[in-house]
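First comes the structure, then the notes that go with it.
Atoms considered below: every heavy atom in the structure, side chains included; atoms not considered: hydrogens, waters and symmetry mates. Quantities reported herein were computed from a predicted structural model and do not represent experimental measurements. Each chain gets a letter, A, B and so on, in the order the sequences are listed, and its residues count up from 1.
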Amino acid sequence: MTKNIELIIYVVAGLLIILAISEIIRSVLKKREENYQIFINRWKGLITLAKKKSQWNQLVIEADKLLGDVLQYKHYKGKRLADKIVSAQRQFKNNDQIWSCHKLANKIQQDGYVLSDKQQLLDVINSYREAFTDLGVFKVDKKATNEK
Amino acid sequence: MKWTDFSTIEDLVQSIKTGQISVVSIVEEVFERIKQTRDFQVLLDDFEKEAFHQAKIIDDKVRLKQPLGRLAGVPFIVKDNFLTFSQKTTAASHMLEKFIAPYQATSVNKLINEDAILVGKANLDAYAHGSSTENSDFFTTKNPYDKNRVPGGSSGGSAAAVALNLVPFALGTDTGGSIRLPASFCNQVGLKPSYGLVSRSGVVAMASSLDCIGPITKNVQDNALILDIIADQDQLDSTTIARDKTGYVIDSNSQRMVEKAKIGVISDYLIDGIDQKVKANFLTKVELLKEAGFQVEDISIPLIKYALAVYYIICPAEISSNLSRYDGLRYGFHESNNDNIEASVEMSRSQGFGQEAKRRIMIGTYVLSSGYYDAYYKKAQQVRTKLIDSFKELFKSYDFLVGPTVPTLPFKIGEKKSDPIEMYLIDVMTVSANLVGIPAISLPAGMIDGLPTGFQVMADISSDKQLLAFSSKIEELLK
């Protein structure tokens with residue numbers, strides 16, 4: 001009889017622990033989704049800069065900053081953004097593209113380069129989008145970020 | 001809690017980082033103030049939508065516990081001769097009324113990279129030619145202490161913005177006193193750093209051998225913080241010099257360095273053309289320095305009486321050269337004449353430039369023209385070299401040189417506009433620092449008849465850190 005009661009207690013306790021763990025996992029995932037939504041909203045905001053040619057440079061710089069913030073959020077190590085990109089390189093399907101985007105952002109800020117080629121801008125946007133998808137911030141579906 | 005409750009930018013940033021005050025609430029407060037103070041005509045443009053967007057990003061970063069810059073969430077304003085992305089840079093001139101720059105000034109980039117938020121661009125004399133903002137092609141800014149008076153210039157909008165509590169700091173440019181003069185007229189701290197200490201890449205050029213960029217703030221500590229962020233060598237500006245290895249933030253060490261400073265009072269500034277009340281107030285402050293234990297002596301720089309004349313030869317010469325790029329063909333105001341390019345350029349320049357720009361182009365091209373070059377420009381450069389030598393010699397014996405910033409109190413709008421020579425005389429005490437390339441600061445020195453007055457301190461070239469440390473030591477004494 002006492003053995004049965006003990007068994008019931010163990011089963012109930014086990015169930016409670018499983019419930020608690022699943023609740024914790026659920027809340028962590030929910031929190032992560034909320035935080036990802038912050039990054040997605042920023043991306044939506046910066047994509048609107050593509051409408052005006054005079055804002056293309058700013059778009060690239062903002063996208064690069066966003067990449068830095070996402071890598072920071074995901075705890076990739078490194079003092080500078082370049083170091084963080086190195087730490088995260090295995091995550092990216094196309095590492096070279098990300099590097100060329102980051103170099104372009106630096107060129108705009110440090111050398112006064114002016115981005116004026118529309119195709120180059122579209123390539124940059126695609127590369128950053130792919131990077132954010134690789135990092136799990138964006139869903140594979142483009143609609144998730146409301147892009148046209 | 002409001003941002004104005006914090007005495008320094010550092011305290012404000014600390015509270016933002018710990019989540020005590022949200023950046024969105026700060027930006028709301030800024031735009032509320034901007035709306036309330038529209039009468040003063042301080043800003044040429046403001047960026048409400050962009051500022052709120054940035055504020056939300058920084059608030060999100062605080063929430064995500066991400067690392068933040070040293071100016072996280074701090075709103076700021078720049079004079080409208082700093083190029084900024086996606087917003088117009090007019091330099092308060094019709095010539096650039098619709099100009100949107102394809103790149104951004106290095107100093108603005110540095111501030112934004114530290115998470116500061118650009119909220120607007122301030123009025124100035126067109127192309128920074130002037131001492132009152134009356135030469136702006138759009139409107140005259142009013143002095144925050146008396147709406148009938150000028151705020152000084154050319155960075156009048158920047159100084160008025162800080163005085164009206166729109167923002168804790170603003171950037172200005174100083175070619176012959178354009179930061180120190182409005183700082184004095186608006187009761188703020190204005191620093192002209194050593195020539196080349198702050199990159200001028202992305203700033204509309206006035207006179208390239210004299211132009212400097214500097215901060216206007218409420219106190220010396222904030223000024224030092226902003227200088228620490230913007231001062232550095234820049235490959236986009238070949239005139240930049242190395243920054244102090246220890247930075248510019250004021251600490252107990254740097255203050256200890258200036259405890260026994262030897263000060264020279266430039267007596268030449270106190271002889272002619274100075275308002276007697278300004279002189280008496282200045283001499284009272286000098287006495288306070290003596291009482292505080294500083295070694296103070298009167299000095300004379302015989303050549304200083306030529307500084308203004310030298311300035312108004314070299315400066316227009318460089319202006320005429322720098323303004324030659326505005327031909328109406330590549331960018332800026334364009335008046336078309338399909339038959340003749342030369343006529344188009346002539347029409348664009350004569351209609352695009354204001355009166356003061358034209359006056360300076362004429363003086364500049366005159367002093368540079370063959371036959372007059374040796375008599376004016378070359379002679380002025382020779383006197384400039386001698387002036388540099390005189391200051392070098394003085395700094396062997398003295399740590400700092402002091403004088404009033406401006407010989408008068410803020411004057412009434414329109415009072416001096418009809419007489420350019422009288423307007424030029426306002427710069428008499430500030431131009432020397434630009435000609436010599438040394439750092440100089442204007443500190444609030446109390447009120448006379450309800451109007452602010454300034455106390456100028458100069459130091460040897462590249463002694464910006466010592467200048468700021470000394471200024472922070474005496475700023476309370478002077479108020």
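- Ion pair Glu48(B)/Lys35(B) flagged as a salt bridge, since at least one NZ, NE, NH1 or NH2 atom sits closer than 4.0 Å to an Asp/Glu carboxylate oxygen.
- Interface residue Glu62(A): only side-chain heavy atoms are found under 4.5 Å from chain B.
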Kindly indicate, with the supporting measurements, whether the criterion side-chain contact (heavy atoms from CB on, under 4.5 Å) is fulfilled by Ile229(B) and Arg70(B). CA-CA 9 Å; Ile229(B) 289 164; Arg70(B) 293 165 71 193; 3.6 Å; yes
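- Interface check for chain B: of the options Lys53(A), Gln110(A), Gln58(A), Lys52(A), the most heavy-atom pairs under 4.5 Å are formed by Gln58(A).
- Interface summary for chain B: among Asn35(A), Leu115(A), Leu66(A), Asp69(A), the most heavy-atom pairs under 4.5 angstrom belong to Asp69(A).
- Using a 4.5 Å cut-off between heavy atoms, Ile108(A) touches chain B through its side chain atoms alone.
- Between Tyr36(A) and Tyr73(A), the ring planes are perpendicular. Angles over 60° get that label, and only those under 30° would be called parallel.
- Classification of Asp228(B) and Arg243(B) as a salt-bridged pair holds, one side-chain N sitting under 4.0 Å from a carboxylate O.
- In this structure, His94(B) and Phe138(B) have perpendicular ring planes: the angle between them is above 60°, well past the 30° mark.
- Of the two parts of Lys31(A), neither the backbone nor the side chain holds a non-hydrogen atom closer than 4.5 Å to a non-hydrogen atom of chain B.
- Looking at Lys56(B), there are no atoms closer than 4.5 Å to chain A (heavy atoms on both sides), in backbone or side chain.
- Residue Gln54(B) touches chain A through its side chain alone, counting heavy-atom pairs closer than 4.5 Å.
- Put simply, of Ile100(B), Asn109(B), Thr106(B), the one with the most heavy-atom pairs under 4.5 Å next to chain A is Asn109(B).
- Arg26(A) has a carboxylate O that lies under 4.0 Å from a charged side-chain N of Glu23(A), or vice versa, which qualifies the two as a salt bridge.
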